[in-house]
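To start, the structure itself, in structure tokens.
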Amino acid sequence: MTSLNFPKTGHSSDSILLFPTSRFQSKPFLPSSRGYRYSSGLIVRTQTLIYASSLSNGRTNIKGPREIQFVAKAQPVAVELVEDKLRDPQTSGDAIRQRFLDFYAARGHKVLPSASLVPDDPTVLLTIAGMLQFKPIFLGKVPREVPSAATSQKCIRTNDIENVGRTSRHQTFFEMLGNFSFGDYFKKEAIKWAWELSTSEYGLPTDRLWISVYEDDDETFALWHDELGIPKERIKRLGEDDNFWTSGVTGPCGPCSELYYDFHPERGTSDVDLGDDTRFIEFYNLVFMQYNKKDDGSLEPLKQKNIDTGLGLERMARILQKVPNNYETDLILPIIEKAAELANVSYALADDSTKTKLKIIGDHIRAVVYLISDGVNPSNIGRGYVVRRLIRRVVRTGRLLGVKGDGMGDLQGAFLPILAKKVIELSTNIDADVKTRSSRILEELRREELRFVLTLERGEKLLEQMLADALLNTQGTETAPCLSGKDAFILYDTYGFPVEITKEVAEERGINIDMNSFDIEMEKQRQLSQAAHDTVKLAVENGANLAEDIPDTEFLGYNTLHSKAVVEGLLVNGSPVAQVSKGSEVEILLNRTPFYAESGGQIGDNGFLYMTEAENEQKAIVEIKDVQKSMGNIFVHKGTITEGTIEVGREVEAAVDANLRQRAKVHHTATHLLQSALKRVIGQETSQAGSMVAFDRLRFDFNFHRSLQDKELEEIEGLINQWIGDGTILETKVMSLTDAKGAGAVAMFGEKYGEQVRVVEVPDVSMELCGGTHVSNTAEIRGFKIISEQGIASGIRRIEAVAGDAFIEYVLTRDNYMKQLCSTLKVKAEEVTGRVDALLEELRLTRNEVSAARAKAAIYKASTLASRTSTIGTSKSIRLLVESMDDIDADSLKSAAEYLVDSLKDPAAVVLGSCPGEGKVSLVVALTPGVVNLGIKAGEVIKPLAKSCGGGGGGRPNFAQAGGRKPENLLGALEEAREQLKNLLEK
């Protein structure tokens, strides 16, 4: 057996650290997630190390694949390592998730996939709850497709970000397991199944489970106590803040009941506080959505009672895996272990501060991987700011842990992609799409990290100086040190420091931040994005009641542009009416329609509705300008009554504008071709991030990290026009969502799909899930032209293009411009570029000549000013010249100042100002070395001068320039500068 010198750890002999000798070098071996058993005791793997308990000194034969030597009470002992799956595979995070879904599937629930982290809901920034995708059903806006459902929903919450890593349970990214009833079952079944899942399926001891109920909810209390036999002392009645769920000021609401796990039942049942995190963790919440809260605060029973539940996957994993916090479960710990490896530290031996940092990294990198996968790229607004903030927090935390470069030797590399690979490895059963998008995720993380690192070091130094100044300014006073909001904004705007990071660092030093002034600075710089809501808002609107009486609209527009229909409803300003007359704006609900309603990026159809009398005499005409979907699948035709009066219950003739529909069809099919061409030219990893299909153009947003080169755009256009010329017949099929994805169909960005989907295919070119209208043959598109390509956000590019009639109009318009240009320049079309280049060169030379002439004139004028120089200072040896030079431009003013400072003997100071145009001020301060050596800097002199003139500027110690917008203040400002310099120089 090979001996091993064991490091001193301070552990007692019954808690012995073991290291496989084959891997032990300068740090402990990091084993995989396995358990090991010793013949006379249990060895439990905690993290990067292995602990052995109840070991006695002595020698045992080795039966495992590796020999281990360890020191116990200074005696070498050989231990038997027999690999043993100590952790029950049924308690892994993946198993817990699957067992939940299987449990409810066996009880009639439809298992549905997780919705995107980007919700189809304007009231929330990110998906924060499992019920969010079912909000329209709970509101009654859309009919239920299934009576009950079960999901494992990806969620993001950042309102408790400061607690991440500091408590045992707070995370930004988590999975919420949920079972939902849409008027199917209610309290009795929800409670019974929650108990059965917890105790029978997951095997939680019944004596460790506590229940909370709403204080007045006797029905729920009785179900727990009388039906299931839970002792009264383990059922706690809590108030409205804890156990009554509301969606907002009004809307669906109801009592809730929560299940808690007791880590310390030995503490008894008296004076119990379920909010004690050291003893309890809430793991399952049951919401009984049974009331509608009215404007006056009163509650009325809902016609359809619903169930909304949430079971935290990470919390249940913590309980079943018997670990002290959510982070040490197999859902997050492998990521933390990887971060510890990059930082060259041991999580098990780390102090609390280091552990907290590792937990922050493990949590945040998990969140950003799933956010980027769902199409959210780093930016300074909205969802993108959430991603950027989390990424920069990870980067800074990694640096605090000592991670340099990629943590593996490349000092110029990035470590986030290395961590992200571990997240992606663990993503298979959470979101299978993450692996297919891995290249884009890793590249986005690498680019964002390296971009931040460029400014991080300078920003850190500046922050340190700002904090030191804040402390110094309050030294010897009772005033609490405070960092100004303006300084915090400079760090945010110039150095990319999220204010939350600045706040964290400042608080570590006991320094506050003036957030009010920071908010003012933010408002000046840009319009603040809509804040994220931490609750899902529901409200029972008028439309919900209307939806009970109006059936879904039957769409006929795939096959016809004309049809008869019955007016099912009329709305004016959102309120139902029986009839509407000429001149009124109206929203019309029909039982059937050929009009396409806006969805999938395609705008709604235009056209007319005609209502006739018995003898075909027209009684009313409505011009339709837009069609939208509302309350699920009800089409709302928005228009103006141009003739007569339209009434509910009457039959109308609906006619779509055929020309505009064809334009939309052409642009929609061209959009599909564009996505296929992009994937072929710049890579399959690029994906759609948004689109618009209009009558006059198309717009397509996609994920890509750089602008497209001209040759790439030409290749994309060439491919699309080739496919157009091939005259390929499109194929449209309706199939199951599973079959469509199996066939390789691409889903449209932001769309939700039912069990049956429509697949539009251009054979050998494109196959997408799409409910839009399309040409029957690619030849109908006629031609395609990209008119612009630009970046609209970090990692998001946008192409605008025209096709069909819009393409012809674009080409003809550009041809007319060219003809006019040829006529003006008197050259042929092919000679235009050369002629323009020649004119630009002539213009450049002329401007240089004019600029040189102006500089000479300014220098001449400056020479006449030299005689106005005054001498100041104790020895009267310092020359000072402060003058206005009328309307001289900024460059000429600079030349004049340089001439004067060179002409005057050192030491000398020159301050010049001019008004080169309406509402413009130019300023220059030039100092000789002798003045600079006295501690006077040109930049400090020019700042108040520029401020007085409504501007700003800066420069080197010996030379500074500035501009302003208040010429009327120039002379006064120059006099102030004269007095300022005289005071400084005379000292």
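This one's a predicted model, so the numbers in the text were calculated from it and none came from an experiment. Both backbone and side-chain heavy atoms feed into the values below; hydrogens, waters and symmetry mates do not.
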Pair D363, I332 - check side-chain contact (heavy atoms from CB on, under 4.5 Å), show working. CA-CA 7 Å; D363 169 82; I332 308 176; 5.6 Å; no
Pair D262-H264, side-chain contact (heavy atoms from CB on, under 4.5 Å): steps then yes or no: CA-CA 5 Å; D262 186 356; H264 297 286; 4.3 Å; yes
Residue among T127, V376, L126 satisfying side chain to side chain contact (heavy atoms under 4.5 Å, CB included) with I156: L126
Just by distance, no angles: are the side chains of N326 and Q171 close enough, under 3.5 Å, to form a donor-acceptor pair? yes
Does the ring center of Y261 lie less than 6.0 Å from the ring center of F283? no
Evaluation steps, side-chain hydrogen bond (donor to acceptor under 3.5 Å, both in side chains), between Q98 and N429: CA-CA 9 Å; Q98 193 59 50; N429 296 308; over 6 Å; no
State whether a side-chain donor-acceptor pair under 3.5 Å links S168 with R318. yes
Check whether F103 forms a cation-pi arrangement with R107 (NZ or CZ under 6.0 Å from the six-membered ring centre, at most 45° off the ring normal). yes
For Y284, which residues count as a ring pair (Phe, Tyr, Trp, His ring centres under 6.0 Å) partner, sequence neighbours excluded? none
Check step by step if side-chain contact (heavy atoms from CB on, under 4.5 Å) holds for E337 and Y347. CA-CA 7 Å; E337 288 180 327; Y347 177 80; over 6 Å; no
Going by an N to O cut-off under 4.0 Å, is there a salt bridge joining E314 and R366? yes
Are K421 and E425 close enough for a salt bridge, meaning some N to O gap below 4.0 Å? no
One thing to verify: whether R437 and D374 come together as a salt bridge, which I'm taking to mean a side-chain N less than 4.0 angstrom from a carboxylate O. yes
Could you tell me how the ring of H109 sits relative to the ring of Y104: parallel (under 30°), tilted (30 to 60°) or perpendicular (over 60°)? perpendicular
Can you tell whether the side chains of R97 and D94 come within less than 4.0 Å, N to carboxylate O? yes
Electrostatic pair R440:E685 at N-O distance under 4.0 angstrom: no
